[in-house]
Peer 1: 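Here it is, the structure, as structure tokens.
One-based numbering, in listed order, for ligands and for the atoms of each. The model shown is predicted, which means the values in this text are computed figures rather than measured ones.
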Amino acid sequence: GTLRPMILPITTSAVHPYPEQSLVMHNLDLDYYYHLGLNSGLDLKSNFGDVKYVLMCGSPVRAYEIIQRVMQAFNIQLPIGQTLAPIGKTERYSMFKIGPIISISYGMGKPSASIMLHEITKLLSAAGVLDPVYIQVGTSGGVGIEGGTVVISNALVNDLLQPYHSIAVLGKIIDRPAKVDLDLCKQLYDVRGEIPAIMGITMSTNDFYEGQARIDGAICDYTMEDKLKFLKYANDAGVRNIEMEAGCCAAFCTRLNIRCAIVCVTYLNRLHGDRISAAPQQLTQYESNAITLVLRYIEEQLGLE
Ligand code: R2B
Ligand code: URA
């Protein structure tokens with residue numbers, strides 16, 4: 001395909017609004033990816049220069065599961081007793097890499113996801129990676145669809161049902177459009193095969209309980225009717241699932257011209273309840289649906305099949 005510039009070269013004067021601080025900033029020849037435990041002084045080009053896909057998920061355990069599935073897909077077997085080690089530090093995020101695929105966790109919520117996105121993107125940019133594809137392989141609550149269904153987002157809305165990710169910058173609210181790559185979205189949908197998958201709107205919230213109209217949080221100042229009215233209203237507007245990071249990922253990628261897809265499996269149908277009560281093996285099977293679909297797409301793209 002064509003080479004798309006992912007990000008402008010990292011400069012200090014262009015990004016910093018206060019000229020008087022340029023003295024502090026101008027000697028930024030070493031960039032620290034603080035929360036990843038890496039920096040630009042390392043040989044990023046030889047370690048990360050081949051990256052094509054960044055698979056992002058919430059939990060470090062799932063980031064490890066995903067890279068194990070990648071290893072299976074690439075037919076890589078480690079000697080007995082050896083495991084794949086995470087790259088960098090693991091206090092905040094866990095990153096693994098096999099060939100052109102990174103699997104990295106972002107924690108929970110948009111602020112946590114944002115920090116990871118800034119740092120992995122600066123790192124890949126410094127490594128000379130030109131056109132990476134970012135895919136969120138997440139989990140979510142379904143709205144009007146059954147547990148296990150994979151939702152490939154064709155649009156994102158925030159908790160006000162607006163297609164933005166809003167952040168405060170220099171004392172002002174910036175509404176960043178949160179869009180996905182619709183070609184990528186359709187290509188992912190096309191490889192679904194037997195996997196229950198739909199395309200639909202994903203609502204990205206700032207909380208799991210009140211922010212997602214749950215009535216089982218420690219605080220709940222509304223009734224069951226209020227909850228269902230809101231969820232049905234969202235469902236009528238096209239919302240098919242609810243999670244907590246996609247708005248940030250999509251807006252970040254929209255801003256930097258990075259191709260991005262959001263693929264989240266649903267754990268339950270929120271019109272029927274709030275509690276995630278499926279057995280752990282069932283949830284693992286649900287998660288596997290999203291991973292299988294994404295890896296099927298990547299295998300096809302890389303010609304591994
Ligand atoms: C899905 O699952 C987490 C909450 O349980 C959150 O990170 C999300 O988006
Ligand atoms: N993640 C969420 O954010 N909400 C759910 O209901 C399930 C997973």
Peer 1: Side chains of S288 and R69: any donor to acceptor distance under 3.5 Å?
Peer 2: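 Looking only at side-chain atoms, S288 and R69 do form a donor-acceptor pair, the distance falling under 3.5 Å.
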
Peer 1: Side chains of T292 and N289: donor-acceptor distance under 3.5 Å anywhere?
Peer 2: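 No, no side-chain donor-acceptor contact under 3.5 Å.
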
Peer 1: What about H165 and F252, are their ring centers closer than 6.0 Å?
Peer 2: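 That pair fails the under 6.0 Å test.
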
Peer 1: Is there a donor-acceptor pair closer than 3.5 Å between any side-chain N or O of T266 and the backbone N or O of G142?
Peer 2: no

Peer 1: Less than 6.0 angstrom separating the ring centers of Y64 and F96, yes or no?
Peer 2: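 Y64 vs F96: aromatic centres under 6.0 Å.
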
Peer 1: List the protein residues in contact with ligand 1, where contact means a heavy-atom separation under 4.0 angstrom.
Peer 2: M108, T139, F208, E243, M244, E245

Peer 1: Any donor-acceptor pair under 3.5 Å linking the side chain of E146 with the backbone of G148?
Peer 2: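 No; judged by distance alone, with no hydrogens or angles, the pair does not exist.
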
Peer 1: Can R214 be said to sit on top of F208's aromatic six-ring, NZ or CZ under 6.0 Å from centre and within 45° of the ring axis?
Peer 2: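 Yes, cation above the ring, under 6.0 Å and within 45°.
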
Peer 1: I want to check a possible cation-pi pair here: K122 against Y32, using under 6.0 Å from ring centre and within 45° of the ring axis as the test.
Peer 2: no

Peer 1: Keeping the roles fixed (side chain from T284, backbone from P280), state whether a donor-acceptor pair exists under 3.5 Å.
Peer 2: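 Yes.
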
Peer 1: How would you list, by chain and number, the residues with a heavy atom under 4.0 angstrom from ligand 2?
Peer 2: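 Contacts of ligand 2 under 4.0 Å: T139, S140, G141, F208, Q212, R214, I242, E243, M244, L268, I276.
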
